[in-house]
**Student:** 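Below: one structure in structure tokens.
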Amino acid sequence: MRTTRRRRGFFLTLLINLLLNLEGLVPAILLAALHFLLGWPFWLVWIALGLWVAAICVRMWVFGWLGSVGNEPTPYRPNKNPYSVGNKKQDDEKNL
């Protein structure tokens, strides 16, 4: 998979994720309606919005971490194939 070398773009990615996850606004909209209809405190709306943004940021961090873990190079493993390991000796004898 092709990866980019740039690490800038957190806020652009956050904006795109916020637009793709608009269903997270439903609790804040309901709390705002309750504020105007029943007089509930407005700080509950801000808490709902903050939790929505925080959850998306945590999700972005987890997926970014999982992507970086998958990009680690595999360690070197010696060739243990019996058919290819022993052929080197025979090839040296043919070249003499």
Side-chain angles (χ1 to χ4, degrees):
M1 178 186 296
R2 183 171 183 250
T3 59
T4 59
R5 295 176 195 257
R6 292 180 279 171
R7 290 291 178 176
R8 302 174 306 217
F10 172 78
F11 291 109
L12 178 62
T13 306
L14 180 63
L15 178 67
I16 291 170
N17 278 319
L18 291 175
L19 291 175
L20 290 175
N21 295 303
L22 287 177
E23 70 272 3
L25 282 177
V26 172
I29 292 171
L30 290 175
L31 287 170
L34 288 172
H35 166 72
F36 291 116
L37 294 175
L38 301 176
W40 284 27
F42 197 72
W43 56 269
L44 293 173
V45 176
W46 292 111
I47 288 176
L49 287 174
L51 288 174
W52 174 54
V53 173
I56 289 177
C57 287
V58 167
R59 193 178 320 154
M60 284 174 44
W61 177 77
V62 167
F63 284 134
W65 175 72
L66 289 173
S68 67
V69 169
N71 287 336
E72 290 181 0
T74 56
Y76 174 75
R77 294 186 306 178
N79 186 6
K80 295 192 178 193
N81 185 353
Y83 298 107
S84 64
V85 174
N87 292 340
K88 196 172 201 182
K89 188 176 183 182
Q90 293 172 359
D91 290 338
D92 291 338
E93 291 174 1
K94 288 180 185 177
N95 291 334
L96 293 176

**Student:** For the CD1 atom of Ile16 and the CZ atom of Phe11, what is their distance to the nearest 0.5 Å?
**Tutor:** 14.0 Å

**Student:** About how many Å separate CZ of Phe10 and CG of Leu15, when rounded to the nearest 0.5 Å?
**Tutor:** 11.5 Å

**Student:** If Ile, Leu, Val, Met, Phe, Trp and Tyr residues are connected whenever their side-chain heavy atoms lie under 4.5 Å apart, and connections chain through other members, are Phe63 and Val69 in the same group?
**Tutor:** yes

**Student:** As an exercise, state the distance from CG of Leu22 to CG of Asn17, rounded to the nearest 0.5 Å.
**Tutor:** 11.0 Å

**Student:** Would a hydrophobic clustering, with Ile, Leu, Val, Met, Phe, Trp and Tyr connected at side-chain separations under 4.5 Å, put Leu14 with Leu19?
**Tutor:** no

**Student:** With a 4.5 Å cut-off on side-chain heavy-atom distances among I, L, V, M, F, W and Y, is there a chain of contacts connecting Leu31 to Leu25?
**Tutor:** yes

**Student:** Answer with yes or no whether the hydrophobic clustering places Met60 together with Leu12; edges join I, L, V, M, F, W, Y residues whose side-chain heavy atoms lie under 4.5 Å apart.
**Tutor:** no

**Student:** Please determine whether residues Leu20 and Leu18 belong to a single hydrophobic cluster, defined as Ile, Leu, Val, Met, Phe, Trp and Tyr linked transitively by side-chain heavy-atom distances below 4.5 Å.
**Tutor:** no

**Student:** For residues 32-58, dump all side-chain donor-acceptor pairs below 3.5 Å to protein atoms at least two apart in sequence or in another chain.
**Tutor:**
from  : atom 1 : to    : atom 2 : distance (Å)
His35 : ND1    : Trp40 : O      : 2.6
Trp52 : NE1    : Asn21 : O      : 3.0

